[in-house]
Visitor: 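Please read through the structure below; I'll follow up with questions.
Predicted, not measured: the structure shown is a model, and the values here were computed from it.
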Amino acid sequence: MFSMKKEFVQSVTAMDEDFAQWFTDVVTKAELADYSSVRGSMIIRPYGYAIWDNVKEALDARIKATGHENVYMPLFIPESLLQKEKDHIEGFAPEVAWVTHGGDEKLAERLCVRPTSEVLFCEHFSNIIHSYRDLPKLYNQWSNVVRWEKTTRPFLRTLEFLWQEGHTAHATDEDAQVETIRMLDEYAQLCEEWLAIPVVKGQKTEKEKFSGAKSTYTIETLMHDGKALQSGTSHHFGDGFARAFDIKYLDKEGKQQYVHQTSWGFTTRIIGAMIMVHGDDRGLVMPPKIAPTQVMIVPIAQHKEGVLDYAYDLKERLSGSVRVGIDASDKKPGWKFNEYEMKGIPIRLEVGPKDIEQGQVVLVRRDTGEKIVVSADELEAKLTGLLEDIQNNLFNKALSHREEHTSVAKSFEDFKSVLVEKPGFIKAMWCGDVACEEFIKEDTSATSRCIPFEQEKLSDTCVCCEKPADKMVYWAKAY
């Protein structure tokens, strides 16, 4: 492992000293985002947006490959439309931003700035779905949404954020259930294969499910500091919204039936997850698959004849196989090393006069700090293998961290002591009573993260009330 040189890391707070400040330092100093003049809103800078572009491109391909089409819905929702599904509006009421005036004139009806678009899709579906031949409707939109959060932090919880939201309508409840789990699996695979973040898949409790949903499914991830982060959700609506919005179709027997719907979303919050799962005291660490720049060329003694020309030739040569950049500025190499370590670029390629003379380059891995001397003739093959190895190493490291910080609690005393002594996921049995769930949250600040698909019988009784229990739940303090 590389040594921590003070002159290179003094601008970043140590993770173990103040994790929240470390996160803020990385976001701002790696130039991912900046604060705007509106409380809780962020400016996503080019480097941060390039990451989102790569996430978006990978996920959009998956969405389209599963038969979905992209659409766009309006930003504003009339208050009367929002009121049609009672549970839904009650769940979002505290977070809604309202438009009351158009210019100087007061509006006859308030407009909600979309916190999510269920009601807009429902209104549209009620107009275009008439027959079983119109089903399924598999739609997705990429957009921004606004939720008036009280406590905010860049990427993790902001007033406005970017996301995709899928909305589908099906002939049967079974079809909707298949869709709900299928899209949860797509999120899980994206997280694990592209972002190198291991996930726990499961169902949310009744208390934690989406407002108006029949059931909600989630992928939960564990951050470096032992807190959980909900990283993607998929909702099975049943026919609740269809009944509220009168979305019916004529089946093959000529009978009117209500459709069954789903909704699923993935947001810029995943960038926050990536920072907190993979980052270190030197800054950001990027999984190669999602990194805007996978290899950064840093010429050494670039003022000497032939060095820059050779470096630019390398860049052109490599551009067909990797995402490669070059820093030919007049800044010192030490400054450049620090800069690209801060930005988490997976591989730094150093080349100077002696390297050119010997037909080699020096590769430096961001994840381990290892320096590797490589023959220039073997460079493409070596880079491909190294990037794959870095991707796998980051996933395995994150998985080991999660496993090391996942504990079992069989009594409430165990639960409380583990939460203090070893922050992370706690696996514990639950009786299913919301009163126990609420008591645990009030007493410890830990919440139920999910009822995992992979169940274990840890004991016969609830960790809270000691009554019979048959559900194992993941619990944690969370962002």
Side-chain angles (χ1 to χ4, degrees), residues 1-5 7-9 12 26 30 47 50-51 54 193-196 274 278-304 306-398:
M1 294 293 290
F2 49 73
S3 61
M4 295 295 179
K5 296 182 180 178
E7 64 269 25
F8 285 170
V9 298
V12 179
V26 172
Y47 191 49
I51 298 169
N54 288 345
E193 295 174 10
W194 285 76
L195 290 144
M274 183 194 68
H278 301 307
D280 61 24
D281 282 339
R282 294 176 86 88
L284 190 62
V285 179
M286 293 285 294
K289 282 190 178 182
I290 221 72
T293 301
Q294 295 170 316
V295 178
M296 179 60 71
I297 299 172
V298 178
I300 308 298
Q302 66 184 46
H303 61 284
K304 293 191 176 181
V307 173
L308 270 183
D309 288 340
Y310 187 85
Y312 273 107
D313 286 344
L314 269 182
K315 180 180 183 296
E316 186 175 350
R317 173 182 150 191
L318 295 174
S319 61
S321 56
V322 297
R323 295 189 289 275
V324 59
I326 186 171
D327 188 340
S329 69
D330 58 4
K331 294 183 173 70
K332 292 181 179 180
W335 184 95
K336 296 177 185 180
F337 297 168
N338 183 43
E339 177 75 358
Y340 301 117
E341 285 172 357
M342 170 74 75
K343 290 194 169 185
I345 292 179
I347 296 175
R348 183 174 75 242
L349 189 158
E350 302 171 13
V351 62
K354 289 182 180 178
D355 299 308
I356 295 171
E357 186 180 323
Q358 296 173 24
Q360 66 184 33
V361 299
V362 177
L363 304 180
V364 184
R365 291 176 56 149
R366 175 63 181 87
D367 61 332
T368 64
E370 180 186 3
K371 284 193 173 187
I372 306 163
V373 178
V374 177
S375 166
D377 294 336
E378 301 171 354
L379 185 54
E380 283 89 345
K382 189 65 177 177
L383 281 174
T384 301
L386 268 182
L387 290 169
E388 186 176 340
D389 191 58
I390 292 168
Q391 184 81 25
N392 292 335
N393 182 48
L394 289 177
F395 178 81
N396 291 332
K397 186 179 177 182

Visitor: Using side chain to side chain donor-acceptor pair (under 3.5 Å) as the criterion, list what pairs up with Lys336, not counting sequence neighbours.
Guide: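 Side chain to side chain donor-acceptor pair (under 3.5 Å) check on Lys336 returns Gln302.
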Visitor: Tell me the closest heavy-atom pair linking Lys289 and Arg323, and the distance in Å.
Guide: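 Between these two residues, the closest heavy atoms are O-NH2, 3.1 Å.
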Visitor: Rounded to the nearest 0.5 Å, how far apart are NE2 of His278 and CZ of Phe395?
Guide: 9.5 Å
Visitor: Taking only residues two or more places apart in sequence or in another chain, which ones pass salt bridge (Lys or Arg N to Asp or Glu O under 4.0 Å) with Glu378?
Guide: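 Glu378: no salt bridge (Lys or Arg N to Asp or Glu O under 4.0 Å) contacts found.
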Visitor: Under the side-chain contact (heavy atoms from CB on, under 4.5 Å) criterion, do Val374 and Leu383 qualify, and how do the steps go?
Guide: CA-CA 9 Å; Val374 177; Leu383 281 174; over 6 Å; no
Visitor: In plain terms, say whether Arg365 and Asp367 are close enough for a salt bridge, that is, a side-chain N and a carboxylate O under 4.0 Å apart.
Guide: yes
Visitor: Quick check for you: to the nearest 0.5 Å, what is the distance between Leu379 atom CG and Ser321 atom OG?
Guide: 8.0 Å
Visitor: What's the shortest heavy-atom distance between Ala30 and Tyr47, and which atoms?
Guide: O-CD2, 3.4 Å
Visitor: So Met274 and Ile51, do their side chains get closer than 4.5 Å, heavy atoms only?
Guide: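 Yes, close enough: below the 4.5 Å cut-off.
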Visitor: Within this structure, what is the CG-CG distance for the pair Leu394 and Asp389, rounded to the nearest 0.5 Å?
Guide: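 If I round to the nearest 0.5 Å, the distance is 9.5 Å.
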Visitor: First locate atom CG of Leu318, then atom CG of Asp313, and finally report the distance between them rounded to the nearest 0.5 Å.
Guide: 10.5 Å
Visitor: Under 3.5 Å, sequence neighbours excluded: what are the donor-acceptor pairs made by side chains of residues 342-356?
Guide:
from, atom 1, to, atom 2, distance (Å)
Lys343, NZ, Glu31, OE1, 3.0
Arg348, NE, Glu350, OE2, 3.0
Arg348, NH1, Glu341, OE2, 3.3
Arg348, NH2, Glu350, OE2, 2.9
Asp355, OD1, Gln360, NE2, 3.1
Asp355, OD2, Gly352, N, 2.9

Visitor: State, to 0.1 Å, how close Pro287 and Leu195 come at their nearest heavy-atom pair, and which atoms those are.
Guide: CG-O, 3.3 Å
Visitor: What do you reckon, is CD of Glu316 surrounded by more than 12 foreign heavy atoms closer than 6.0 Å?
Guide: no
Visitor: Heavy-atom distance under 4.5 Å between the side chains of Pro292 and Met286, does that happen here?
Guide: yes
Visitor: Ignoring hydrogens, what is the shortest heavy-atom contact between Val364 and Gly369? Give both atom names and the distance.
Guide: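 Residues Val364 and Gly369, closest heavy atoms: CG1-O, 4.0 Å.
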Visitor: What's the separation between atom CG in Leu386 and atom CD in Gln294, rounded to the nearest 0.5 Å?
Guide: 12.0 Å
Visitor: Do you know the tightest heavy-atom contact between Val285 and Asp280?
Guide: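 Nearest pair, atom of Val285 first, then Asp280: CG2-OD2, 3.8 Å.
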Visitor: Determine whether Asp327 and Tyr340 make a side-chain contact, defined as any pair of heavy atoms from C-beta on separated by less than 4.5 Å.
Guide: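 Yes - at least one pair of side-chain heavy atoms lies under 4.5 Å apart.
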Visitor: If you look at every heavy atom in Val307 and Ala301, which pair is closest and at what distance?
Guide: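 Looking at all heavy atoms of both residues, the closest pair is CG2-O, 3.6 Å.
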Visitor: Rounded at 0.5 Å granularity, tell me how far CG in Leu284 sits from CZ in Arg282.
Guide: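 Leu284 CG to Arg282 CZ: 13.5 Å, rounded to 0.5 Å.
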Visitor: Tell me whether the count of non-hydrogen atoms from other residues, nucleotides or ligands lying under 6.0 Å of CD in Glu388 goes above 12.
Guide: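 Atom CD in Glu388 is not crowded, with 12 or fewer foreign heavy atoms closer than 6.0 Å.
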